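Read the structure below first, then the notes.
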Amino acid sequence: MQDLRKIFRYARPYRRDLFAAVGLIFIECIFEMVIPVLMSTLVDDGVPAHNMAVIFRQGGLMILCAVLALITGLLYARYAARFANGFAAELRMAEYAAVQKFDFANLDRFSDASLVTRMTTDVTVMLNAVNAGLRPLVRSPVMLCMGLAMACVLSPRLTIVFLVTTPILAAVLAWIVTKVGPLYGRQQSAVDHLNGRIQESLTAIRAIKAFVRGDYENAQFDTVNTELSDASTETFRYAVLNLPAFQTVMYTAIVCILWFGGKYILVGTMSVGQLTAFLSYVLQVLNSVMMFSGVFLQLTRSLTSARRIRAVLEEQPALATPADPVAAVADGSIDFADVSFKYSAAAARDALSHVTLHIPAGATVGIIGGTGAAKTTLVQLIPRLYDATSGTVKVGGQDVRRYYLAALRDAVGIVLQKNLLFSGTIRDNLRWGDPNADDETLWAACRAACADEFLERMPDGLDTDMGQGGVNVSGGQKQRLCIARTLLKHPKVLIFDDSTSAVDTATEGKIRHALAALTDVTKLIIAQRITSVMDADMIVILDDGKVHAVGTHKELLANDTIYQE
């Protein structure tokens, strides 16, 4: 229940709608409770005496109560829908905002598919729980108490029948809930696996077709699809016992009441109208118990979803901002002082070990090394995408942990190894670097990144639509647009993580020439081609997470075997 209390804090902006909906349920219950009393008078006084005045009066009042109950029910639906959908929207927004604050270490703990499920399916479960559960959650106790009270007034002796049957029904329903509860968690995990498989297959659809692996992917999808199907089948195998249990108890109670009630009528201690009204109340009481059981089943499932949503909302960003942070980066100097790093505290060995480097402001530094040498890991510590496990990383003479994260990352431009563009136009994507950039500034950045060569051939130029994830441009074009976008930030430190691997040598040379003009920017270039870094002021060779050698092209070529290779 702690999970639900935490989640429902996001419903506070819609409290008025909730209170209005609850109040309307009470009013509706009162109207419905009056109807059996009116019906009893009609049956006992109007029908036997053929008193049309009583029949019309009581019948008219019953119709009036029914219409008023209908109106209050419709008004309830309006306020309940506003409350439920507003609550779900707030919950999705809170989750999305929480994910935006996550650092890389936080994202490593949640799979993409799981986060998508938690923001869609799990929120929908909470929405459905409110939509389907609010009415019976309020109505059931009210109808139960009122129904029992009115039934006791009509016939205390007959009340014993459903005072016996109701606990039996409650016990059966409690057993169902205890069986179903754990199964909902398994079902939501199966949804995560299904979403993950779909996401991976759609992302890699070109590779699947190129390797003719459609049949294999179908088999993989069938596995996760069957997992979800089996989990859902087992869950609902118990959940559907709800209705048969209710019907068994309800019809048993009705038979017993008719049996004993008939005897009371024969001996004159009860009238037909009273028995009719009593049956109405009994059905309302049992129906309220049934509705309450449905709420418990929905609540059991929503508890699983609430727990998953709460895990996202309460996940604390791994990187904390200090109490008195530095708001600006003075220059582009970078220092690594005995820095070691591992991605997980449980990891057996460090990804980086005892790295010590000094990079002066404005320098151009090449970083090379074999696959898995931790080149990307090294540069990710500079904008504080991760924190060093030990040692100190400084930018502009200050420990990166002393900066406002936004200020530090604004001063560090990074072209990631995996080039990412967003749906929208080329102009929209470039303005991620500078939201206020005019066309002249955008074209200048594109010329520096050699992106103008293909943009000028496009009929819509900067207004060309990229498609989802930039599918309308090639790999090399995507890299150049990412470089232009980063240049628009005007950073003090510029990091290229193997970001020219998809462009030809001539184009790469033009980009290097344009970057050389940025004398006030510290440039770190991770590359596999020696030609990409041979003109750098300093070249760092990493080997198995350690600094193997540092020097210029000539020095390393003369003295270092790895560089020579």
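All values reported here derive from a predicted model rather than from experimental measurement.
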Legend entry - Considering all heavy atoms, the nearest S201-I208 contact: O-CD1, 3.6 Å
Legend entry - Close side-chain approach of Q380 to F341, heavy-atom, < 4.5 Å: no
Legend entry - Any side-chain heavy-atom pair of S390 and D338 under 4.5 Å: no
Inset, instruction - State whether a side-chain donor-acceptor pair under 3.5 Å links Y343 with T377. - result: yes
Legend entry - OH on Y96 to NZ on K101, rounded to 0.5 Å: 13.5 Å
Legend entry - From N195 atom CG to S114 atom OG, the distance as rounded to the nearest 0.5 Å: 9.0 Å
Legend entry - Distance (rounded to the nearest 0.5 Å) between T117 OG1 and I309 CD1: 11.0 Å
Inset, instruction - Please tell me if the side chains of Y79 and V22 come closer than 4.5 Å, counting only heavy atoms from C-beta onward. - result: no
Inset, instruction - Please say whether more than 12 non-hydrogen atoms of neighbouring residues, nucleotides or ligands are located less than 6.0 Å from NZ in K489. - result: yes
Legend entry - Electrostatic pair R431-D428, nearest N-O below 4.0 angstrom: no
Legend entry - Side-chain donor/acceptor of R308 to backbone N/O of S305, under 3.5 Å: no
Legend entry - Nearest heavy atoms of G545 and A374, plus distance in Å: CA-CB, 4.0 Å
Inset, instruction - Just do the side-chain contact (heavy atoms from CB on, under 4.5 Å) check on L313 and I7 with the steps written out, would you? - result: CA-CA 9 Å; L313 295 175; I7 295 303; 4.0 Å; yes
Inset, instruction - Please report the closest heavy-atom contact between S302 and V125, naming both atoms and the distance. - result: CA-CG1, 3.9 Å
Inset, instruction - Could you give me the CA-CA distance, side-chain angles and deciding distance for F336 and L378, then say whether side-chain contact (heavy atoms from CB on, under 4.5 Å) is met? - result: CA-CA 9 Å; F336 290 86; L378 179 73; 3.6 Å; yes
Legend entry - Test item: Y76 side-chain N/O and E28 main-chain N/O as donor-acceptor pair under 3.5 Å: no
Inset, instruction - Taking atom CZ of R109 as the centre, report whether more than 12 heavy atoms of other residues, nucleotides or ligands fall under 6.0 Å from it. - result: yes
Legend entry - Check: T441/D438 side-chain N/O donor and acceptor closer than 3.5 Å: yes
Inset, instruction - Compare all side-chain heavy atoms of L381 with those of V339 and state whether any distance is below 4.5 angstrom. - result: yes
Inset, instruction - Provide the closest heavy-atom pair for A231 versus T235 in the form atom of the first, atom of the second, distance. - result: O-OG1, 2.7 Å
Inset, instruction - Please examine the side chains of L68 and L64, heavy atoms only from C-beta on, and report whether any two atoms are closer than 4.5 Å. - result: yes
Inset, instruction - Determine whether I334 and L524 make a side-chain contact, defined as any pair of heavy atoms from C-beta on separated by less than 4.5 Å. - result: yes
Legend entry - Donor-acceptor pair, side chain of R485 and main chain of V415, under 3.5 angstrom: no
Legend entry - Check: I426 and L442 side chains under 4.5 Å, non-hydrogen atoms: no
Legend entry - Residue pair I382 / V395, side-chain heavy-atom distance below 4.5 Å: yes
Legend entry - Separation between OG1 of T223 and CG of L194, rounded to the nearest 0.5 Å: 11.5 Å
Legend entry - For the student: nearest non-hydrogen atoms of C65 and V34, plus distance: SG-CG1, 4.0 Å
Legend entry - Spatial distance of atom CG (L408) from atom CZ (R384) [nearest 0.5 Å]: 8.0 Å
Inset, instruction - Report yes or no: does N106 contribute a side-chain atom to a donor-acceptor pair with the main-chain N or O of D103 at less than 3.5 Å? - result: yes
Inset, instruction - Indicate the ring-plane relationship of F8 and F87, choosing parallel, tilted or perpendicular according to the 30° and 60° boundaries. - result: parallel
Inset, instruction - Run the numbers on N429 and L481 for side-chain contact (heavy atoms from CB on, under 4.5 Å), then give the verdict. - result: CA-CA 8 Å; N429 275 272; L481 287 172; over 6 Å; no
Inset, instruction - Kindly compute the distance separating CG (L420) from CZ (F422), expressed to the nearest 0.5 Å. - result: 6.5 Å
Inset, instruction - Using atom types as modelled and distance alone, determine if a side-chain donor or acceptor of N225 lies under 3.5 Å from a backbone N or O of F221. - result: no
Inset, instruction - Answer yes when E217 and R197 have at least one side-chain N-carboxylate O distance shorter than 4.0 Å, and no when they do not. - result: yes
Inset, instruction - Take I414 and T486 through the test side-chain contact (heavy atoms from CB on, under 4.5 Å) and record every step on the way to the result. - result: CA-CA 7 Å; I414 181 168; T486 306; 5.9 Å; no
Legend entry - Closest approach of V329 to A411 (non-hydrogen atoms, all atoms of both residues): CG2-CB, 3.6 Å
Inset, instruction - Go through the steps to decide whether R118 and E95 satisfy the test salt bridge (Lys or Arg N to Asp or Glu O under 4.0 Å), and finish with yes or no. - result: CA-CA 8 Å; R118 291 167 198 247; E95 277 197 90; over 6 Å; no
Legend entry - Polar side-chain atom of T389 near backbone of K342 as donor-acceptor pair, under 3.5 Å: yes
Inset, instruction - Could you tell me whether the side chain of S232 and the main chain of L228 form a donor-acceptor pair under 3.5 Å? - result: yes
